[in-house]
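Numbers for residues simply follow the sequence, beginning at 1. Given the structure is predicted, the values throughout are model-derived calculations rather than measurements.
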Amino acid sequence: NLRNQQVNRFNKDGVLIVSCEEQRTRQDNLRIVMQKLQGMIDKAAFKPKMPDKAKVNKMRRAKRAANEKRLQDKKFKSKLLQKRREAKFNY
């Protein structure tokens with residue numbers, strides 16, 4: 001997963017390249033690089049926990065309700081435009 005997230009940092013030999021030139025001393029830059037590497041590893045290793053069934057059902061209901069409202073608004077707008085077109089030709 002780290003390879004997928006940091007694809008631009010790997011060279012053609014498959015070696016991860018992390019560099020830093022923020023500080024003057026090599027030791028400080030090495031410390032910063034190690035912190036960056038640890039952050040990358042932590043981010044790649046993180047697995048979000050699965051939501052419980054109640055939350056999944058709540059999200060599903062909200063999605064369905066939003067979709068139905070969108071379709072109702074679309075039908076209403078269509079009927080409104082259709083009435084305008086009919087009114088235009090009734091002169």
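Under the side chain to side chain contact (heavy atoms under 4.5 Å, CB included) rule, Met59 has a single partner from Lys63, Arg61, Lys55, which is Lys55.
Taking the side chain as every heavy atom from C-beta outward, Leu16 and Leu37 approach each other to under 4.5 Å. A heavy-atom distance below 4.5 Å is found between the side chains of Lys43 and Gln5. Contact check for Lys53 versus Val56: no side-chain heavy atoms found under the 4.5 Å cut-off. Taking 4.5 Å as the limit, every side-chain heavy atom of Arg26 sits out of range of all side-chain heavy atoms of Asn29.
Summarising the geometry of Cys20 relative to Ile32, their closest heavy-atom pair is SG-CG2, 3.5 Å, with the distance given to 0.1 Å.
Not one N or O on the side chain of Asp28 forms a donor-acceptor pair closer than 3.5 Å with the backbone of Gln23. No donor-acceptor distance shorter than 3.5 angstrom exists from the side chain of Asp13 to the backbone of Val15, with no hydrogens or angles considered.
Under a 4.0 Å N-O distance rule, the pair Lys69/Asp73 qualifies as a salt bridge.
A continuous path of ILVMFWY side-chain contacts below 4.5 Å connects Val33 to Phe10, so both sit in one hydrophobic cluster. With hydrophobic clusters built from ILVMFWY side chains whose heavy atoms lie under 4.5 angstrom apart, Val18 shares a cluster with Leu2.
A distance of 8.0 Å separates NZ in Lys79 from NZ in Lys83, rounded to the nearest 0.5 Å.
With sequence neighbours left out, Arg60 forms a side-chain hydrogen bond (donor to acceptor under 3.5 Å, both in side chains) with Asn57.
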